[in-house]
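For reference, the structure discussed in these notes is given below.
First listed ligand is number 1; within each ligand, the first listed atom is number 1.
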Amino acid sequence: AALAGLAAVAMLAAGCGGDSSSGGDGGYKLAFIQGVTGDAFYVTMGCGVQQKAKELGATVSIQGAQKFDPTLQTPVLQSVISSRPDAILIAPTDAKSMEQPIKQATAAGIKVVLVDTTLENTGDVVSSISSDNEGGGAAAFKAIQQLAPNGGKVLVIDNQPGISTSDARTKGFDDAAKADSKYTNLGVQYVQNDPAKAAQIVTAALQKDPDIVGIFATNLFGATGASTGVRQAGKQGAVKIVGFDAGSDQVKALQEGTIQALIAQQPGTIGTDGVDQAVKSLKGESTEKTIQTGFTIVTKDNLNSSEGQAALYKS
Ligand code: T6T
């Protein structure tokens with residue numbers, strides 16, 4: 001885990017642009033724990049975290065587990081707690097099973113801010129900052145309605161159950177799909193953040209149901225895998241893919257016409273807001289219990305506009 005953390009820091013320094021050195025000595029000591037290392041979403045969030053920390057004279061360490069898995073994230077958190085930071089920003093990888101490990105941090109007097117994902121019971125955390133995930137899921141269905149207006153079968157590719165963000169996205173999508181009888185939602189297939197598994201599942205699903213018209217991939221890795229699966233089935237462009245997140249692989253698939261729309265979150269803003277809330281709380285200033293950030297729908301049409309370009313993630 002320590003090595004994984006170091007690798008993440010090096011990537012951040014390379015990809016953030018500008019001076020990414022951390023803030024001065026003597027300021028608050030912050031730690032950011034990603035949902036998983038090597039994910040452009042958390043890399044971009046880390047850039048926001050570093051930028052804000054520097055601005056406020058704080059230092060920040062960035063680390064995470066190599067898989068999106070609470071049993072791997074817990075020891076990373078425990079080692080961070082024992083390094084006694086003033087505050088921890090963390091994206092919990094399970095809404096229930098990360099509650100106790102996070103309680104250990106707050107019980108030790110460390111301020112905790114949840115970024116991206118949240119917990120079922122947030123307990124003593126300062127703030128929970130996340131995208132409008134349910135709204136994003138509904139927006140994904142709306143995009144499929146526009147791309148495949150005659151209706152038909154749709155499929156959802158998701159990481160795993162129990163994650164606040166992707167659970168909300170599938171709910172938003174499913175509720176919207178239920179309201180339009182032209183569409184049949186075949187339901188959710190879980191791929192554990194593995195693009196190869198997502199590709200396999202999509203290829204098999206297209207064999208079983210060749211009339212699938214649209215696929216919603218709830219995050220970056222699912223979208224990459226879904227685009228490979230659709231390409232392998234020779235159905236590029238015919239089956240519409242809408243994916244959450246806008247990393248470089250997803251943008252490439254958008255340019256190539258395998259993916260038709262991306263729901264780009266604002267990970268940089270989640271990171272800057274996270275540091276802001278942590279430092280406010282450390283200074284005894286008032287904080288916000290929940291903060292919701294927005295999203296941009298990126299298609300081939302607005303990809304090259306300033307709005308489209310600003311929405312893309314760093315890597
Ligand atoms: O979609 C993001 C994040 O919001 C989600 O909680 C987990 O997956 C990503 O990090 C993308 O891979």
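Close contacts of ligand 1 with T117, meaning ligand atoms under 4.0 Å from a residue heavy atom, involve 6 (O). For ligand 1, the atoms lying closer than 4.0 Å to a non-hydrogen atom of L220 are 11 (C), 12 (O). For ligand 1 and F221, the ligand atoms under 4.0 Å from any heavy atom of the residue are 12 (O). Numbered from 1 in the order shown, with element, the atoms of ligand 1 that lie under 4.0 Å from a heavy atom of T165 read 5 (C), 6 (O). For ligand 1, the atoms closer than 4.0 angstrom to any heavy atom of Q265 are 1 (O), 2 (C), 3 (C), 4 (O).
Side-chain contact, T71 with D69: a donor N or O sits under 3.5 Å from an acceptor N or O. Between the side chains of N219 and D245, no donor N or O sits under 3.5 Å from an acceptor N or O. Between the side chains of Q73 and T93, at least one donor-acceptor pair of N or O atoms lies under 3.5 Å.
Nearest non-hydrogen protein atom to atom 8 (O) of ligand 1 is N219 ND2, 2.9 Å. With hydrogens left out, the protein atom closest to atom 2 (C) of ligand 1 is D245 OD2, 3.5 Å, a heavy atom.
Cation-pi geometry between R169 and F244 is satisfied (NZ or CZ under 6.0 Å from the ring centre, within 45° of the ring normal).
Under the 6.0 Å cut-off for aromatic ring centres, F141 and Y183 qualify, their centroids lying closer than that.
The proximity of F244 to ligand 1, defined as any non-hydrogen pair under 4.0 Å, does not occur for either the backbone or the side chain. Counting heavy atoms closer than 4.0 Å to ligand 1, residue R169 contributes side-chain atoms (C-beta onward) but none from N, CA, C or O.
Under a 4.0 angstrom heavy-atom cut-off, Q34 registers as lying outside contact with ligand 1.
Checking side-chain atoms of D94 against main-chain N and O of P70 turns up no donor-acceptor pair under 3.5 Å. A donor-acceptor pair under 3.5 Å links the side-chain atoms of N159 to the main chain of N193, judged by distance alone.
By heavy-atom distance, the residue among T218, V115, D39, D116 lying nearest atom 9 (C) of ligand 1 is D39.
I90 has its side chain within reach of I102: a pair of non-hydrogen atoms, C-beta onward, lies under 4.5 Å apart.
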